[in-house]
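Report on one structure; see the data block that follows.
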Amino acid sequence: KTLFPYTTLFRSQAALRWVKSNVASFGGDAGRVTIFGESAGGTSMCLHLVSPQLAGLFHRAISESGPCTILTGASIDVLTAFSEKLATGFGCPSGPDQLACMRKQAVGDLNAATVLDSNLSSQAVHWSPVVDGVSIPDQPDKMVREGRYNRVPTIFGTNHDEGRLMVMANYHITNLLPVSTAQLADEIAAAAQGDANVQAQLTATYSKDAYGSRDKALGAMLTDDSFACHANNDVDRKSVV
């Protein structure tokens, strides 16, 4: 068997089924279950929204800094190729014994052999949601836009300074230096996507003078561009409850 990724959704499904069967024993209400996730957990919440297998297992949903309308899934073929690459690297070739072979590997070694990013053009082994036609029937962002999801009251939001984590990871840890004038300008140009008017507005809005430092200015822009604006897009969809 080929190893398939993104077991989190299946574990959550098992956990929610357990909650449905047992929460009354703890004074809970199986008909009033709320799921909540932040960042990667927020996008996981979006997957719960679009998975028909989870229908009826939760009744409220909250996504913080995990926009649904930018969440895309890989094809099974792409993830199959990645899983085969990973397994081969551990000496576990395709065949009936592959799964048993991989289960013998140390967790630390498996983590070290993968990377945490969503760039599917990368040749590195990494995982992302997979559109399998069952648990995730179609591209999650498309399903949300078309109203094809578990219709429960939903809250979308974002952390105030989420983008500072990206500044820390991409600049402070990598270069051990603060954001330079040129780097801030490059980030603004990338966000503007070739629109000179937008670039001018971003330059005026996210400036060192406005935020006290280029690091904080860039963090604010990344928060708005990568999280807040997309959260607004989520709630602006007429299909969203």
Side-chain angles (χ1 to χ4, degrees), residues 4-76 79 116-118 120 126-166 220 222-241:
F4 286 99
Y6 223 76
T7 58
T8 302
L9 192 63
F10 302 107
R11 292 173 180 169
S12 297
Q13 183 179 150
L16 287 170
R17 292 192 184 283
W18 186 92
V19 168
K20 183 175 182 179
S21 299
N22 296 281
V23 72
S25 300
F26 300 91
D29 184 346
R32 292 172 58 86
V33 175
T34 299
I35 60 173
F36 166 82
E38 188 272 336
S39 192
T43 56
S44 179
M45 188 285 296
C46 296
L47 296 179
H48 285 61
L49 277 182
V50 302
S51 178
Q53 293 181 326
L54 292 166
L57 296 181
F58 63 93
H59 313 90
R60 307 285 192 278
I62 304 171
S63 173
E64 183 177 357
S65 296
C68 290
T69 46
I70 62 169
L71 179 62
T72 58
S75 71
I76 286 181
L79 272 299
L116 296 176
D117 82 348
S118 58
L120 294 182
H126 58 265
W127 310 130
S128 75
V130 59
V131 178
D132 62 357
V134 181
S135 297
I136 306 177
D138 202 346
Q139 290 295 340
D141 60 336
K142 179 182 178 184
M143 292 183 69
V144 170
R145 289 186 173 97
E146 295 178 352
R148 294 186 288 141
Y149 59 88
N150 299 313
R151 305 303 290 262
V152 300
T154 304
I155 295 174
F156 292 101
T158 183
N159 291 334
H160 186 273
D161 292 310
E162 187 84 10
R164 290 194 187 183
L165 176 64
M166 301 161 73
L222 292 175
T223 296
D224 292 342
D225 184 48
S226 301
F227 299 99
C229 290
H230 291 297
N232 287 334
N233 288 339
D234 283 332
V235 299
D236 282 344
R237 302 295 170 188
K238 293 181 179 178
S239 58
V240 174
V241 176

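The first residue in the sequence is number 1, and the count goes up from there.
When all heavy atoms are compared, the tightest approach of Leu49 to Cys68 is CD1-SG, 4.4 Å. Nearest heavy atom pair, residue Cys46 against residue Pro67, reads SG-C, 4.0 Å. Contact between Ala30 and Lys20 at its shortest, heavy atoms only, is CB-O, 3.6 Å. Across every non-hydrogen atom of Val23 and Asp29, the tightest pair is CG1-C, 3.9 Å. The minimum heavy-atom distance between Ser135 and Ser51, with the atom names listed, is O-OG, 2.9 Å. Shortest non-hydrogen contact noted between Asn159 and Thr223 is O-CG2, 3.6 Å.
Between Ile62 and Thr154 the shortest side-chain heavy-atom distance does not fall below 4.5 Å. Side-chain contact between Val152 and Arg60 is absent, with no heavy atoms from C-beta onward closer than 4.5 Å. Using a 4.5 Å cut-off on side-chain heavy atoms (C-beta onward), Tyr149 and His48 make no contact. Within the 4.5 Å cutoff, the side chain of Leu57 has heavy atoms near those of the Leu54 side chain. Within the 4.5 Å cutoff, the side chain of Leu47 has heavy atoms near those of the Ile136 side chain. When side chains are defined from C-beta on, Gln13 does not count as touching Leu16, because their heavy atoms never get closer than 4.5 Å. Looking at heavy atoms from C-beta onward, Arg148 lies in side-chain contact with Lys142 at the 4.5 angstrom threshold. Counting only heavy atoms from C-beta outward, the side chains of Val19 and Phe26 never approach each other to under 4.5 Å.
Neither side chain, Gln139 nor Thr72, offers a donor N or O lying under 3.5 Å from an acceptor on the other. For the 3.5 Å distance criterion, the side chains of Ser65 and Glu162 qualify, holding a donor opposite an acceptor.
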- Task: Run the numbers on Glu64 and Phe227 for side-chain contact (heavy atoms from CB on, under 4.5 Å), then give the verdict.
- Result: CA-CA 9 Å; Glu64 183 177 357; Phe227 299 99; over 6 Å; no

- Message: The test is side-chain contact (heavy atoms from CB on, under 4.5 Å); show your working for Phe58 and Asn150 and say whether it passes.
- Response: CA-CA 9 Å; Phe58 63 93; Asn150 299 313; 4.1 Å; yes

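Judged by distance alone, with hydrogens and angles left aside, the side-chain atoms of His59 form a donor-acceptor pair with the main-chain N or O of Val33 at under 3.5 Å. Between the side chain of Thr43 and the backbone N or O of Ala40, at least one donor-acceptor pair lies under 3.5 Å. With hydrogens and angles ignored, the 3.5 Å screen pairs a side-chain donor or acceptor of Ser21 with a backbone N or O of Arg17. Put simply, the side chain of Asp161 never gets that close to the backbone of Arg164: no donor and acceptor are under 3.5 Å apart. Ser63 places no side-chain N or O within donor-acceptor distance of the main-chain N or O of Met45, the cut-off being under 3.5 Å.
For the side-chain contact (heavy atoms from CB on, under 4.5 Å) test, residues two or more places apart in sequence or in another chain that qualify with Pro137 are Pro52, Met143.
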